[in-house]
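Convention: sequence-line order gives letters A, B, ...; per-chain numbering from 1.
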There are 2 protein chains.
Amino acid sequence: MAATKARKRRSSYHHGDLSNALVRAAIDLISSENSEQITLREVSRRVGVNHRAVYRHFSDLTSLLAAVAEQGYGELLATLQHALATLPAGKGVPKLAARRMEALAIAYVGFAFDRPAHYRIMFGRRMNEDGRFPALEGAALKAYELLQSELDAGVATGEFKDRPRRELVFGFWSLTHGFASLALVRRIKLKRTFVEPYVRQIVGPFIAGL
Amino acid sequence: MAATKARKRRSSYHHGDLSNALVRAAIDLISSENSEQITLREVSRRVGVNHRAVYRHFSDLTSLLAAVAEQGYGELLATLQHALATLPAGKGVPKLAARRMEALAIAYVGFAFDRPAHYRIMFGRRMNEDGRFPALEGAALKAYELLQSELDAGVATGEFKDRPRRELVFGFWSLTHGFASLALVRRIKLKRTFVEPYVRQIVGPFIAGL
DNA sequence: ACCTGAACACCGTTCAAGT
DNA sequence: ACCTGAACACCGTTCAAGT
């Protein structure tokens, strides 16, 4: 049974598909409740190839994790964009920029709650310290730029004070990332259901100070 | 040479000293530039005992790491207290509470910069998720209470708005922890020298919103 | 009571080989 | 070009034994 499955699968890895299959398997692995850690050997087992085959497509485990993280940043960006798009507000609403920042914060923390293992890899030490993976840097930058353009908009309408943009973005990101991190290690105890009201209160002082 | 050293040391582990020696060795290990990871085997090697001896004092690797983390929370608390004690201000200074919160933020991030590996263990996943280690919870709580009493003081003088205290503390903690984390994984690039001015700008909006 | 030795089931990675 | 097998140097942990 298992052998047949592996054989069938393997036939499709002759056209550069293995690379994607490995990344998908790795994401599946950490998305399932029971398994938290990505190992090179477990991922290749799931795909049905010898673990050495991975090295044909990724120079090491860290490279594979970087691909997973890159995909994660893409998902995060989509989540944030979706949160803005579905915001009920129209124009002329008072404090629109503040409400948009709030929606971003809620969506950000929600993402970390929904994909904890993925989030941890994205912000883990392995691939972030050196700028080894340009595609990863690019994906992270896009999320950064989304935050920046929102803050820009708030400053443009005069709703936010005109402070150095970089510090505003990093401040907001630090706040949401810090909250998500503390919640994931359960230093802050919080059920998924209460993310929305809680985040609102947490970011309250920050947004009020913009 | 190495054998003599190990022998000499070992003679003192008959009175419950091994436990402390292991924790100290683990902290030494992560404090030295070259080594980032604590392994049970490396720690026991440094102390000069068989790696199995560790299990006499710690039920597993995680327990040893929890002891390291607990010590870290103690150091962090001392760092924060010291920052408040050496703050040049006297009474009657305007915005005293804000300046004290700022000093705490700077000291907090500075600690993470100075002891990165230690900080990572303190906020790592291994021992925080379940409340397995009451001593660790207690040490973390003391740091929490320091922040809370500062915010209380600010509210008492009317300098800060009277919001739910828990949200204020978690907000401040999220902000400083998030900034420290992002800096440690180099998503925020920052030299140790610039921690002070940078943190001041980052926490600016938050403190202004208190 | 406290420590050790050998063994087990895992890792990531290297070298040399198979098709 | 793409994948495999055997081997290496590491892990944490268990079992049974030494003093």
Side-chain angles (χ1 to χ4, degrees), chain A residues 2-23 25-26 29-30 34-69 117 121 124-127 130 132-133, chain B residues 2-23 25-26 29-30 34-68 117 121 124-127 132-133:
Chain A
T4 315
K5 210 171 161 196
R7 182 90 65 79
K8 213 192 289 172
R9 274 196 189 148
R10 200 182 306 150
S11 59
S12 57
Y13 299 146
H14 290 292
H15 307 293
D17 202 12
L18 180 53
S19 174
N20 289 319
L22 289 168
V23 174
L29 184 60
I30 54 174
N34 45 7
S35 182
E36 269 288 314
Q37 222 194 343
I38 292 182
T39 72
L40 199 147
R41 287 172 113 112
E42 179 58 28
V43 169
S44 30
R45 232 176 264 131
R46 289 189 162 219
V47 169
V49 291
N50 186 285
H51 70 276
R52 282 287 300 115
V54 176
Y55 288 96
R56 189 61 39 185
H57 301 275
F58 298 96
S59 62
D60 53 18
L61 175 63
T62 309
S63 299
L64 176 57
L65 294 178
V68 170
I121 288 171
R125 189 163 44 97
R126 295 191 83 129
M127 75 282 295
D130 38 19
R132 249 183 85 189
F133 307 101
Chain B
T4 316
K5 210 171 161 197
R7 180 92 66 79
K8 214 190 289 172
R9 276 193 188 149
R10 200 181 309 150
S11 58
S12 56
Y13 299 146
H14 289 291
H15 307 295
D17 202 10
L18 179 55
S19 174
N20 290 319
L22 289 168
V23 175
L29 184 60
I30 54 173
N34 43 7
S35 184
E36 270 289 313
Q37 221 195 341
I38 292 182
T39 73
L40 199 149
R41 288 173 114 111
E42 177 59 28
V43 168
S44 30
R45 233 174 264 132
R46 287 189 165 222
V47 168
V49 292
N50 185 285
H51 69 276
R52 283 287 300 113
V54 176
Y55 288 96
R56 190 59 41 183
H57 302 275
F58 298 95
S59 62
D60 53 18
L61 174 63
T62 309
S63 299
L64 175 57
L65 294 179
V68 170
I121 288 170
R125 188 163 48 98
R126 297 193 80 128
M127 75 282 295
R132 248 183 85 189
F133 308 102

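- Residues meeting the side chain to side chain contact (heavy atoms under 4.5 Å, CB included) test with B:R56, sequence neighbours left out: none.
- In this entry the distance linking CG of A:L61 with C1' of C:dC10 reads 14 Å, nearest Å.
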Give the dot-bracket line for DNA chain C from 5' end to 3' end: parentheses for intra-strand Watson-Crick or G-U pairs under 3.5 Å, square brackets for crossings, | for inter-strand pairing, dots for unpaired. ||.|||||...|||||.||
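- Rounded to an integer number of Å, the gap from B:F58 CZ to C:dC3 P is 12 Å.
- The residue among B:E42 and A:R41 whose nearest nucleotide of DNA chain D is located toward the 5' end is A:R41.
- Atom pair B:R45:CZ and D:dC10:P shows a separation of 7 Å (rounding to whole Å applied).
- Residues passing the side chain to side chain contact (heavy atoms under 4.5 Å, CB included) test with A:A69, sequence neighbours excluded: A:I121, A:M122, A:M127, A:L136.
- Atom CG in A:L40 sits about 16 Å away from atom C1' in D:dA9, given to the nearest Å.
- Counting heavy atoms from C-beta outward, B:V49 and B:L18 have side chains that approach closer than 4.5 Å.
- For the pair A:R126 and A:L61, the minimum side-chain heavy-atom distance is below 4.5 Å.
- In this model, the phosphate group of D:dT13 is approached by a side-chain N or O of B:Y55 to a distance below 4.0 Å at OP1 or OP2.
- Nucleotide D:dG12 holds its P atom 12 Å from the CD atom of A:Q37, rounded to whole Å.
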Set out, line by line, the N/O atom pairs under 3.5 Å between protein and nucleotides 15-19 of chain C.
from   : atom 1 : to    : atom 2 : distance (Å)
C:dC15 : N4     : A:R52 : NE     : 2.8
C:dC15 : N4     : A:R52 : NH2    : 3.3

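- B:I38 places its CD1 atom 11 Å from the P atom of D:dG12, with the value rounded to the nearest Å.
- By the 4.5 Å heavy-atom criterion applied to side chains, B:V68 and B:I30 are counted as neighbours.
- Residues meeting the side-chain hydrogen bond (donor to acceptor under 3.5 Å, both in side chains) test with A:S63, sequence neighbours left out: A:S59, A:D60, A:R132.
- Applying the 4.0 Å criterion to OP1 and OP2 of D:dC2, one finds that A:H57 has every side-chain N and O outside that range.
- Applying the salt bridge (charged side-chain N to carboxylate O under 4.0 Å, His left out) criterion to B:R125, with sequence neighbours excluded, gives A:E36.
- Rounded to a whole Å, the CG atom of B:N50 is 15 Å from the P atom of D:dT14.
- As a whole-Å value, the separation of B:D17 CG from C:dA1 C1' is 16 Å.
- Inter-residue side-chain proximity for B:L40 and B:L64 is flagged as unmet; no heavy-atom pair is nearer than 4.5 Å.
- When side chains are defined from C-beta on, B:V23 counts as touching B:F58, because their heavy atoms get closer than 4.5 Å.
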